[in-house]
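A short write-up of the structure that comes next.
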Amino acid sequence: MPAYRPEEIEKKWQAHWKQHSTFKAANHSDKPKYYVLDMFPYPSGAGLHVGHPLGYIASDIVTRYKRLRGFNVLHPMGFDSFGLPAEQYAIQTGQHPALTTEKNIETYVQQLSSLGFSYDWSREVRTSDASYYKWTQWIFLKLFNSWYNLDTNRAEPLTGLTARFAESGSAGIRAAGDDGDRHDFTAGQWSMFSEKQKLAAVLPYRLAYQQDTYVNWCPGLGTVLSNDEVKDGLSERGGFPVERRLMPQWNLRITAYADRLLAGLDQLDWPDAVKEMQRNWIGKSIGAEVTFPVMAGAFPASAGNNPAAAGSNPAETGNNSVEAGSNPASAGNNPAEAGSSSAEAIKVYTTRVDTIYGATFLVLAPEHELVDVITTPEQRTAVDEYIAATKRRSERDRMTDVKAVSGVFTGAYAQNPVNGAPVPIWLADYVLAGYGTGAVMAVPSGDQRDYLFAQHFNLPIPAISDAQQGLDQQADPTKEGHYINSGIINGLTYKEATQKLIAFLEEKGLGKGKVNFRQRDAIFGRQRYWGEPIPIYYKDGTAYGIAESDLPLVLPEIDEYKPTETGEPPLGRAQDWLYKGQYPYELSTMPGWAGSSWYYLRYMDPTNEARFVSEEAEQYWGSVDLYMGGAEHATGHLLYARFWYLFLKDLGLVSSGEPFQKLINQGMILGRSNFVYRVNWVVQTASREAFDQLGTEQIVPVIFASKGRLQTLSDGTPFLYPESEDFLQGIMEAFQAKYPDLTLAYRGITPIHVDVSLVNNDILDTEAFMNWREEYKNARFMWEEDGGNYICGVEIEKMSKSKYNVVNPNILIDKYGADALRLYEMFLGPLEQYKPWNTNGISGVGGFLKKFWRLFHPEDGPLALTDEPATPAELKVLHRAIQKAQEDIEKFSFNTSVSLFMITVNELTALKCHKRAILEPLVLLVSPYAPHLAEELWQELGHEAGSISHASYPEFREEFLVEDVVTYPLAINGKVREQMQFAAAATAAEIETAVLASDFLARHGEGKSAKKVIVVPGRMVNVVI
RNA sequence: GCCGGAGUGGUGGAAUGGUAUACACGAGGGACUUAAAAUCCCUUGCCUUCACGGGCUUACGGGUUCGAGUCCCGUCUCCGGUACCA
C-alpha cells in the first residue's frame, strides 16, 4: 500500500475485529482483571456529535493500553433505552417507542463502530429488553420484600421482621424510616390481624413502599419527576413547569443508606467536585429536635389579628434590645398565666440549640399537620387565605421570589421549653414541609431569614451573645463569645452551652440530639408508558409483589401512548392486563434511573437466565476499575447506583464495597457558533392604500454586515460603524426610487446563528449561505473593507441543533479518518476540561499520521525498513517516548501523549530513521490511540493480522536516556544568562568551582562578587550576587 | 450566599518550585507547480535596537524563596454545582 489511506484500512480492520471477535473478554483468565466502563448512552434520534465520543475515546485508549500491559479487560457497551424522548415521539406519531429505539440504536452502533472502539459487543445490554428488565424488576421485588434493621445496620428480608412481629409484636424493633407512619402492636394483636392488616402494618417498613408523597408533578409531561430531573422549576426534558402535588407514589428508602453513602465516599478515587456534590446532596446535619408545647385556651394576645397589634406588643421593647425583658412574657398580659399546657406540641429541628433563648417565635410550614388544630378562630380567615395563596404560587415563583417575606400569625402560642416564655406561632413558606420537622424555632438575631421575617412583622430581635455585632443591620450567626439573656447558659461558650442544653432537654423529655439529612426517599414511579412495569398487583386494594417466577412482567401493547380519559397512566389502556387473569397491575412504570442503576453488573454475565449475574462472574470482575462519564450524573445515577449496590451487598448478592472505584468526568466539548449580522429595516407607508397595493412580494432588501463593519457595546448590542451606514444610504435611495410611497429606515443589527458547515475559518461561503435558506437567496453582503470576505461572529456555546453548531463525526471520519478524529479529540486539551470544538485544528493530527506513515513508507512508496542497529540518538528518542507515553496514560493526560508522538515523529523524520528496531515498538505505543493505522503497519511488519491488540507493551530502558554531558542554564539572581556544559557525573562542588573559575561573572556580574552559588544537579546553576 | 474549578501568545494548550509560551492551529513570507491542491522551508508573545543585545510578560496586588505560572494571603473575572435545609 503506498500512501496513507485511512478510508481503506479503517474499514478493513473494523470488519476484521468484528469477524474475529478480537475484543471478546473471557470470564476466566490467568491475567489480572481490569474493568473499564463507559456511561451507556440514551440512544437519541439525533445520533452522536463530536462531543459524545470524547470519553469513549479516552476509555478505549486505557482499555487497549491495559490489554498491552497484560490485563484481561472488560470493556462493554450498551444502551439506556427506556426514556422520555422516544415516548414523546410515539405520542406525536403513533410509532411504537421500541421501533424508534431500535432504529436509533442501529445508528449508534454504526457510529461507535466507525470510531474503532474495542468493545466486547457480545455483552451488549439494553435496559428495555425484557430479558434485562426482568432483573430490574427482580431487584425491585427484593427491595419490596426487605426492611432496614438499624440494630444490624443493614437491609434484611421481611420474613425476619414478620417472625419478630409474631413473637413479640412491634416493640423494640428499630427500622429505618419514619416511625410516625407505623403503629405499635403486640404479638397477640399481630396474630389477630387479617392478611390485609398485616400487609398494611408491614408496608411502612419496606424499602420499596407506597405512600402519599409531595411530588414534582409536571402537567406538560403528565408525570412526576425526581428532584434531579427538575432544573430551576422546569422539567429538564422539555422545559415544562413543575408543581408540588400530594400523590400516592412508590418510593425507595434510600435515606436508610444516607450515612453509608456518605461514609463510603472517602474511599473512592473520584473527582472531589463529585464527592462534594454527593455530600451536599445527602446533606447530613447534626443538631437537636426540641419540643415546644402549644399553650391551650384563649390567649389574651390573640385578641387582635396580629400579635404586634395587641397590647402586649413585643416589638415595643425594641428591635435591638438586649434586655431580658424583650421576651413577651414580661409584657403587660402575662400569657403564662392565661394559657396552660395543651396536649399538642410542636417539634422543631435546629442545628443551633444554643440559640434557643433567642427563639422569639416559631414558624411552621403552611403544610404542617398542626396548623388546623392550633389556629385560633380570629386568625382562621387570614391563615386559610395564606395557605391558599401559597398553593397558588408555583414552585418556580417561590424560587425566583426568594427575597420577598410573607407569613401569617396563627393566633396560637407555644412555650419555650427552657424558660417557659410564650412564643407566637406563625406560618411562612420559607419553612419547608419536607425538611426536619417542618417547623423551626426562629432566632432572628442569629439567622438572616428569621431576622428579615422579624423585621417585616415587627417582632423583637434580642441579642444572645456578647460577640454579636451589627444587629441593627442583619443577623449575626457567630458561635464566638459568651451567651447573654440566656438563662442557664449565660456566660458559657458555644460548646459548653450546646452540651448543657441537650442534657437539660433530654432530662425533661423535651428534646434530644438528632441527625438530619437533606436527602429524601427516592420517588420511584412515573406515569409513563416507555419504562419497566413495576411488578406489583392489587388484591382488594392492597399491593402485592408478583412471584419471582412470573417475571418478567412484560410491558403490554397499547393503542395510544397518552394517559387515559380518566387521567390514569398510559398503562391503564392495556386490555385484559391482569395478574393471574384477575388482579389489576400497578399502572406506573419505573423511572429512567432504574435500569441504569445496575447495568454494569449485567455486563459481567449478560445472557444468564437464572440469575442477574452469576456468583463466579461477579466475584471475578468485582467492581469497576475505571468509570468514564459526564459530571451531570454526579447526584443522580451515581448515587442511585451506589445505593442499589449497597442494598445488593446487604443481601449477599455482590461482593465489593463500592461499585465504581475510580471515576473520571470527561469535560464537555462546546460548540463554536458562527453568526451573521442581519440589518433590520422598518418600512413606513404614506397611506393604507400604498401598503395594500404592495401585495405579497418581498420588498425589503436582505443585507448582512461582515463582522469588521460592527462595533459592540458592553452589553453585547452590535451596531454599524457610521461609515458603513453610508453603504446603506444607497440601498435606501434605490428603494425610494422603486417605491416612492414608502420609506425604508435602518433599525440596528440582529446576530443570527449560521450553520457552521457553511463557514471556514470564520469566512462565510456566501454562495452556500444564499442557498441555505429560501429567504436569503437574494441576500447582499457588506464585505470586510480590505479582503472582500464576509467574516462571521463567533461564540462558544453548548452544541445543539438549534444553534447550528453541531459537528457530525461521520463527516470528519470520511475526510480525515477515525484515527485522526480520535487523536484530535485527545489533543484538544485535558480530558476533564470544558473546551471548545474547532474543526480547523484536525489537519494537524492528519499531518502527523501521514508523517508517521512515511517513516515506514518513504515517499509514500512501499514498506521500506532496514534492519540496521539503532543509533544512540534514535534509541533515546524511542525510550523517552516509551517512558512518557506510559506516564501520561497512567495519569490520563492524553493531550500531552499526542504531542509527544508528534515530537517523536518529527525527530525521527529529521534523523531519517527507517529502522525496524525503532519503529516497531513505536507502532505499539501509538496503537491505543490510532488502532487502525497500528494494525495495518503491524501486519505489514510481518505479524499475524489482529495480533497487536494482545501484544506486549515495549519495555522502557533507562540506560538509553543517560547522557554523558548535561547542558546547565547559568543564572544570576534567578535570571538565566548563559548555558554551560558539564559532564553528567560532575558534582555540585565541581560545577560551582568551574562556574566561578569561568568569566561568566565577569561578563554578567556587573562587577559584583558571588555571595552564594546554588547548584541543582542535572537542573541549573544560580549565582547570587 | 455557600461549595467546587479555572484565568498563560491571535486560538486550543505545555511546563516534578529550576531556561515560561512545548505541540498544534491560524497568520505572514518563500520553494515546487501553467495554476490549484498536496508537500516542504523560514518567521510569528510584547516593547526596544540597523544589528549584537537589552527590557517586560502567566488576571490584579502583596508575601515566602537563591529562584514562583506553580506555594501562601487578599482582590477581580469566568465556568460548574447548590440553596429559604433551620
Side-chain angles (χ1 to χ4, degrees), chain A residues 3 271-277 279-281 283-285 287 348-352 355 359 363 365 398-399 401-405 428-432 434-443 446-450 452-453 477 516-520 631-632 634-635 665 667-668 670 672 761-762 794 796 823-824 827-830 832-845 847-848 850-851 854 859-860 887 893 895-904 906 967-979 1010-1016 1018-1025:
Chain A
D272 288 337
V274 174
K275 290 207 248 186
E276 205 50 36
M277 272 187 243
R279 286 190 190 107
N280 290 339
W281 194 260
K284 182 175 185 171
S285 75
V348 303
Y349 177 73
T350 177
T351 54
R352 288 296 301 276
T355 64
V363 188
R398 278 171 78 160
M399 295 185 65
D401 202 19
V402 164
K403 291 287 169 283
V405 177
D429 63 5
Y430 80 83
V431 176
L432 306 176
Y435 183 75
T437 58
V440 302
M441 61 174 211
V443 183
D447 181 285
Q448 186 61 17
R449 290 156 309 172
D450 298 345
L452 290 172
F453 193 86
N516 234 328
F517 293 95
R518 189 176 84 94
Q519 178 162 46
R520 308 277 62 134
E632 67 273 21
T635 50
N665 293 132
M668 194 186 292
L670 301 168
R672 192 171 185 282
N761 287 342
D762 296 335
V794 175
I796 305 298
L823 279 169
Y824 186 54
F827 187 61
L828 276 178
E832 304 197 34
Q833 200 165 298
Y834 278 52
K835 48 204 174 270
W837 178 265
N838 183 355
T839 301
N840 296 337
I842 197 171
S843 61
V845 292
F848 157 75
K850 286 180 196 167
K851 277 193 206 170
R854 282 194 207 108
E859 321 257 305
D860 283 340
E887 278 172 17
S893 177
N895 55 325
T896 51
S897 333
V898 177
S899 60
L900 165 76
F901 294 145
M902 289 175 170
I903 293 167
T904 304
N906 287 347
T967 303
Y968 282 78
L970 303 188
I972 300 275
N973 288 349
K975 275 195 192 308
V976 174
R977 297 294 173 186
E978 278 188 14
Q979 302 196 338
K1011 278 198 198 129
K1012 193 171 171 186
V1013 179
I1014 314 272
V1015 178
V1016 185
R1019 277 282 176 197
M1020 57 106 63
V1021 179
N1022 188 20
V1023 181
V1024 186
I1025 60 171

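Basis for what follows: all heavy atoms, side chains included, without hydrogens, waters or symmetry-related copies. Chain letters run A, B, ... following the sequence lines, proteins first, then strands; residues in each count from 1.
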Could you check which nucleotide pairs with [N] in any of the strands shown, counting Watson-Crick or G-U wobble with both distances under 3.5 Å?
N: B:rC23; answer: B:rG12
N: B:rC78; answer: B:rG5
N: B:rC46; answer: B:rG55
N: B:rG69; answer: none
N: B:rA83; answer: none
N: B:rC40; answer: B:rG30

Could you tell me how far [M] sits from [N] if I compare only their [atom1] atoms? Round to whole Å.
N: B:rG74; M: B:rG5; atom1: P; result: 15 Å
N: B:rA68; M: B:rA20; atom1: P; result: 11 Å
N: B:rC76; M: B:rG10; atom1: C1'; result: 24 Å
N: B:rC79; M: B:rC66; atom1: P; result: 40 Å
N: B:rG18; M: B:rU82; atom1: C1'; result: 41 Å
N: B:rU39; M: B:rU48; atom1: C1'; result: 38 Å
N: B:rG80; M: B:rC85; atom1: P; result: 23 Å
N: B:rC52; M: B:rG61; atom1: C1'; result: 37 Å

Of all the nucleotides listed ([options]), which has the minimum atom distance to the side chain of [X]?
X: A:Ala273; options: B:rG4, B:rG81, B:rA83; result: B:rG4
X: A:Ile1014; options: B:rA14, B:rC84, B:rG18; result: B:rG18
X: A:Asn840; options: B:rC25, B:rG67, B:rG13; result: B:rC25
X: A:Lys975; options: B:rU19, B:rA86, B:rC56; result: B:rC56
X: A:Arg854; options: B:rU39, B:rG12, B:rA14; result: B:rU39
X: A:Arg977; options: B:rG55, B:rC84, B:rA24; result: B:rG55
X: A:Pro830; options: B:rU19, B:rC85, B:rG13; result: B:rG13
X: A:Leu828; options: B:rA14, B:rC66, B:rG12; result: B:rG12
X: A:Asn280; options: B:rC23, B:rC3, B:rC66; result: B:rC3
X: A:Pro969; options: B:rU19, B:rC3, B:rA86; result: B:rU19

Compare every heavy atom of [Y] with every heavy atom of [X], then report the nearest pair and how far apart it is.
X: A:Tyr435; Y: A:Ser285; answer: OH-OG, 3.1 Å
X: A:Ile796; Y: A:Pro836; answer: CD1-CB, 3.5 Å
X: A:Phe453; Y: A:Ala428; answer: CE1-CB, 3.6 Å

Under 4.0 Å, counting only non-hydrogen atoms across every strand here, what does [X] touch: a base, just sugar-phosphate, or nothing?
X: A:Met1020; answer: base
X: A:Val440; answer: base
X: A:Asn1022; answer: base
X: A:Asp450; answer: nothing
X: A:Val1024; answer: sugar-phosphate

For [N], does OP1 or OP2 lie under 4.0 Å from any side-chain N or O of [X]?
X: A:Tyr435; N: B:rA86; result: yes
X: A:Gln833; N: B:rG13; result: yes
X: A:Asn906; N: B:rA24; result: yes
X: A:Lys835; N: B:rG13; result: no

Rounding to a whole Å, what distance do you find between [X]:[atom1] and [N]:[atom2]?
X: A:Glu276; N: B:rA83; atom1: CD; atom2: P; result: 15 Å
X: A:Lys850; N: B:rC40; atom1: NZ; atom2: P; result: 9 Å
X: A:Glu632; N: B:rU82; atom1: CD; atom2: C1'; result: 16 Å
X: A:Trp281; N: B:rC85; atom1: CH2; atom2: P; result: 15 Å
X: A:Asn838; N: B:rG12; atom1: CG; atom2: P; result: 9 Å
X: A:Ile903; N: B:rA14; atom1: CD1; atom2: P; result: 13 Å
X: A:Lys851; N: B:rC23; atom1: NZ; atom2: P; result: 10 Å
X: A:Gln448; N: B:rA83; atom1: CD; atom2: P; result: 20 Å

Checklist line | From CA spacing to verdict: side-chain contact (heavy atoms from CB on, under 4.5 Å), A:Tyr834, A:Met668 | finding: CA-CA 5 Å; A:Tyr834 278 52; A:Met668 194 186 292; 3.5 Å; yes

Check: Just by distance, with hydrogens left out, do A:Tyr824 and A:Asn838 show a side-chain donor and acceptor under 3.5 Å apart?
Finding: no

Checklist line | A:Tyr349 side chain vs A:Gly287 backbone, donor-acceptor pair below 3.5 Å | finding: yes

Notebook entry, point to check: Is the backbone N or O of A:Ala442 less than 3.5 Å from a side-chain atom of A:Asp447, with the two atoms forming a donor-acceptor pair by type?
Noted result: no

Next item on the list: Map A:Val1021 and A:Lys1012 onto RNA chain B by nearest heavy atom, then report which one ends up closer to the 5' terminus.
Entry: A:Val1021

Next item on the list: Identify, between A:Thr350 and A:Ala631, the residue whose nearest nucleotide on RNA chain B lies closer to the 5' end.
Entry: A:Ala631

Next item on the list: State, with a plain yes or no, whether a side-chain heavy atom of A:Leu970 is found less than 4.5 Å away from one of A:Val1023.
Entry: no

Note to self: Could you check B:rG53 for me: syn (within 90° of 0) or anti?
What the structure shows: anti

Margin query: Would you call the rings of A:Phe848 and A:Phe901 parallel, tilted or perpendicular, taking 30° and 60° as the class edges?
Written below: parallel

Checklist line | Distance-only donor-acceptor test (3.5 Å): side chain A:Arg1019, base B:rU19 | finding: no

